[in-house]
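Everything below concerns the one structure shown next.
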Protein chains: 2
Amino acid sequence: MASQSVPSTHRPGDAARAAADPAAGLSRGAASRSTTISEVARLAGVAASSVSRVLNGHPDVSPAMRARVLDAAEMLRYEPDFVAQSLRRGATTSIGFIVRDIANPLFADIVKGAEQELETAGYSMLLMNSLGDPARDAMHLRVLRQRRVDGIILSLQSETNPDTLAALRETTAPIVLVDREVQGIEAGAVLSDHFAGVTAATVSLLELGHKRLSLIGGPFDVRATRERQAAFETACKTAGLTSANYETKLGPYTHEFGYQTMQALLEGATPPTAVIASGVQAGSGILQALDERGVVPGTGISVVICDDVEFLRLIRPSISVIARDGEAIGAAAGRLLVERMKDADAPPRTEILPTHYVARDSSAPPQRS
Amino acid sequence: MASQSVPSTHRPGDAARAAADPAAGLSRGAASRSTTISEVARLAGVAASSVSRVLNGHPDVSPAMRARVLDAAEMLRYEPDFVAQSLRRGATTSIGFIVRDIANPLFADIVKGAEQELETAGYSMLLMNSLGDPARDAMHLRVLRQRRVDGIILSLQSETNPDTLAALRETTAPIVLVDREVQGIEAGAVLSDHFAGVTAATVSLLELGHKRLSLIGGPFDVRATRERQAAFETACKTAGLTSANYETKLGPYTHEFGYQTMQALLEGATPPTAVIASGVQAGSGILQALDERGVVPGTGISVVICDDVEFLRLIRPSISVIARDGEAIGAAAGRLLVERMKDADAPPRTEILPTHYVARDSSAPPQRS
DNA sequence: CTGAAAGCGCTTACAG
DNA sequence: CTGAAAGCGCTTACAG
C-alpha cells in the first residue's frame, strides 16, 4: 500500500510541491500552513468528499480510489485539521478535567489514570485547577462549555456552592464526578468507599484501647467528609464512647488546617490519643505539628492518614494509611465518561471503589496517662 | 447597560424563545444546541457581522447598535463558539503541555505555575504524559499539531531520540522547553541552574570530609544530567579526589533505579559515604534501600536529593535538598510561550532559574572507617 | 457605521 | 461508487 506508485500524470516531488505551494500565501497566522484536504484531492485528481470518505474508512469506495487518495495523502503528509472536523461534526474529542489541585499526588494519579483511558479512546484532556476557589470551578465550566468539550470530569470544591450549581445546570456535556455527589444534576460518578476504610481504621484504633479520638480535616460540603465523619462517629458510638471522647474537626484540605488543628488539640486539656487525617495535606500538617513538639507517631499518639502517597512510605515510624488507588479511580472516571460520550442515551452510572486500612507503626496502643 | 430595555418590537421572553427555537431541530449530536451568532443577530435585528463586531470590541460601532446587540446576546445567554472562532481565526488559544509524569510533584507544580500564567492570557492547556516512553513524546506532538494548538511546553524524555526530533522538526507552533536543550530546533527554554546547586552541595560534602561520593540517577541524554555530572565531577576533581573516589551512575528517573543502584553501592567493596540523588523518585529509592539495611541518613551516609517536595520535609532525619521553585519554572515557561504566541516575530528566549542547596541533617561528616 | 459575501477545512446528505 | 453543494459558526475584507 504505502509503496504503491503515484498516478503517472504526477511526478512525485514536483507535483507535491506544486499542489502544496499555491495556497501558501494565505493570511493565516505565522505558522507555515499545513496541507488541506482539497490539496490532497487535487493531487489525487478526485473530489474532496472522496478524500474524506477514504480517510474516514467509509465502506463504499473503490480500491483504486482508495489507493490514489492514500498515496496523495502520504505524499503531502496530510493530517486532517481537528478544529475543522470538530466544527463540522459537532464534537471535539476533547474533554475537560477540573481538579482541585494537581499538586496533590492522589489527584495527579487520578488525572494520569483518566488520561490513559481517554487517550485510548481518542480524547485529549484540558486540565484546569480550581485551587481551592469554588468560583474557579464555575469559571472553568464556562470555558469548557465554550470550547465545546465532549465531556467533563469534575472533582468539585464544593457540592453546594450556588455558582457552581448554576454553572453545572447550564452544562449539557456529560459529566462524571470524582468523589462528589451533587443533587439535581445528571452525572456519573466514581466514589470511594470511605465509610469502609474509616470504619476499619477507627475500630482498629478502638481495639488498641484508644478512648479519645479525633478526625481532622475535610470541608463540610463534600461527600468524603460526610462518609468519613459518619463512619468515625458510628464506630466510636458503637464502642460505647460518649461524644465528649471523640470529635470531628472540619476544615479545608490544607497542610495549614492540619497543622493548626493538631497544635490546638495538643494544647487542649485532654488531647486525643489517636487522630485520623482526612487527606495527605492535612496529614502532613499534623505530622509537622507533632514533630515540632517532639511527639512521635505511634508512641505519643496514633496517626492514620487518608490516602497514600509514595513519599509517605519513607517516613519513620511508618504511618498508617487508608489507601485507595488513584489511577484506578481516574481510569474508571475515564471509562464512565467515554461510555456516555459514545452513547448519548447511556444512563449515568456510579462506580464505588474500595479503600483499605493499612496499619503501620503509627497505630499503637495509647500510653498510660 | 445590562438593564437597558429591549427594542420595543420584541417582547423579552417570547422573542428570545422564538429566536432560539427554530434552529433547535438540527442533527448536531445529543446536547441541546447553544445559541448562535445569527440568532442573536435576528433578535437584535442586525447582521451577524455587526454582532461579531460588537462582541469583539471593534471600534467603529454606534452606541445604539452596541446596546441592541448586547441586550440580545444577554437575553439569549449567547456564548461564542470557540471551535468556530478557532477555525476562522486560525488560532485555538489552547496550548499543549507534554510532561514526563504528572505524578512527580515537581512537575505538578510546574504545570500549575504554567496553567495560571496561561489562563491569565486566555489560553487553555491540553495535558499529556509521556510516561517514560519517548515514542509518546512524538505521538503527542503529532496530536497537538492536528489540534492546532498555538504553542507547546515540553519536558522531553530524551533530547536525542530520532522520532522525537523528527516530530519536533515538523512542529511549527512555538515551543518552550522545560529543562531541556535540543540542537537544531528553534525553541525557547526555561532552564535550572543545576550546576550551581550541585556544586554547592558537593563542595559542602567535601568540606565535611567526604572522600568517596556518588551521584545517582538521571538519563544521559538530558541537560540536567550533564550539568549535574559536570558540577559533581568538577568539584570532586578540584578538591583533589581521583576518579576512583567519585562516581556517577546514570539511569532513568525512577524509584527503582535509585533503589537498585543504592543497594549495589552498599554491597560494593568501598561504598560511598555520601550520595546525591538526581530527583525525588531516585531519591526515594535510595532512602528505601538505606532504610531496609538500617543505614541512617546523616549518620551512616550523607544524602542529598535534587528537587524538594513537601513530603520530603517530614522525613527524619531531615534530608538535604537542592531546591528549585516548580511553580516559578512553570510560570516562566508560560510567560515565554505567551510572548511568542502573541508576537510571531519574537525571538525564542531562554531563562535560567536558580537552584539552592539546603543542608539538613542528612548532610554530616563521614563516620570513621 | 453597517450589511452581504466569502471562506476557514472539513463531512454528509443528495443526486447521479 | 463518486462529485457538487451545502453548511458547521464564526470573522473580515469589501462595498456602500
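Not measured: the values here are computed from a predicted model. Sequence lines set the chain letters: A, B, ... in the order given, protein chains first and strands last, and positions in each chain run from 1.
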(message) For DNA chain D, report each stem as range with range, ordered by first number, or say none. Use Watson-Crick or G-U wobble pairs under 3.5 Å, at least 3 in a row.
(response) C:1-3 with D:14-16, C:5-12 with D:5-12, C:14-16 with D:1-3
(request) Mind checking the CD1-CZ spacing from B:I102 to B:F97? Nearest 0.5 Å is all I need. (result) 7.5 Å
(request) Rounded to the nearest angstrom, tell me the gap between atom CD1 in A:I37 and atom P in D:dG3. (result) 12 Å
(request) To the nearest Å, give me how far apart CZ (A:R42) and C1' (D:dG3) are. (result) 16 Å
(request) Determine the contact category for B:V46: base if any of its heavy atoms lies under 4.0 Å from a base atom, sugar-phosphate if only primed atoms, P, OP1 or OP2 are that close, otherwise nothing. (result) sugar-phosphate
(request) To the nearest Å, give me how far apart CG (A:L87) and C1' (C:dC10) are. (result) 8 Å
(message) Once hydrogens and angles are ignored, does a donor-acceptor distance under 3.5 Å link the base of C:dA4 to the side chain of B:S49?
(response) yes
(message) At 4.0 Å (heavy atoms only), tell me whether B:F82 reaches a base, stays on the sugar-phosphate, or touches nothing.
(response) nothing
(request) Could you check how far CZ of A:R66 sits from P of D:dC1, rounded to whole Å? (result) 11 Å
(message) On the nucleotide C:dC10, are OP1 or OP2 found under 4.0 Å from the side-chain N or O atoms that A:S52 carries?
(response) no
(message) Regarding D:dG3, can its base be found pairing with the side chain of A:R53 as donor and acceptor, where the two atoms are less than 3.5 Å apart?
(response) yes
(request) Rounded off to whole Å, could you give me the CD-to-P distance for the B:E79 and D:dG9 pair? (result) 15 Å
(request) Hey, which sits more toward the 5' end of DNA chain C by its nearest nucleotide, B:A84 or B:S50? (result) B:S50
(request) Quick one: list whatever passes side chain to side chain donor-acceptor pair (under 3.5 Å) with A:D133, sequence neighbours left out. (result) none
(message) Below the 4.0 Å mark, does C:dC1 have OP1 or OP2 next to a side-chain nitrogen or oxygen of B:S62?
(response) no
(request) Could you pull out the closest heavy-atom pair between A:V83 and B:S86, with the gap in Å? (result) CG1-CB, 3.8 Å
(request) Using whole Å, report how far CG of B:D60 lies from P of D:dT12. (result) 14 Å
(request) Take atom NE2 of A:H58 and atom C1' of C:dT11, then tell me their distance rounded to the nearest Å. (result) 11 Å
(message) Under 4.0 Å from OP1 or OP2 of D:dG9: is there any side-chain N or O of B:Q85 that close?
(response) no
(message) Taking the basic N atoms (NZ, or NE/NH1/NH2) and the acidic carboxylate oxygens, is any pair closer than 4.0 Å for B:E117 and B:K112?
(response) no
(message) Salt bridge or not between B:E119 and A:R136? Use side-chain N to carboxylate O under 4.0 Å.
(response) yes
(request) Quickly work out the B:R89 CZ to C:dA6 P distance and round it to whole Å. (result) 22 Å
(request) Would you mind telling me which of C:dT2, C:dG7, C:dT12 lies closest to the side-chain atoms of B:R88? (result) C:dG7
(request) Identify whether the distance between the nearest side-chain nitrogen and carboxylate oxygen of B:E79 and A:R148 falls below 4.0 Å. (result) no
For residues 343-350 of chain B, please give each side-chain donor-acceptor pair under 3.5 Å, one per line with the distance, not counting sequence neighbours.
from, atom 1, to, atom 2, distance (Å)
B:D343, OD1, B:D345, N, 2.9
B:R349, NE, B:E339, OE2, 2.8
B:R349, NH2, B:E339, OE1, 2.9

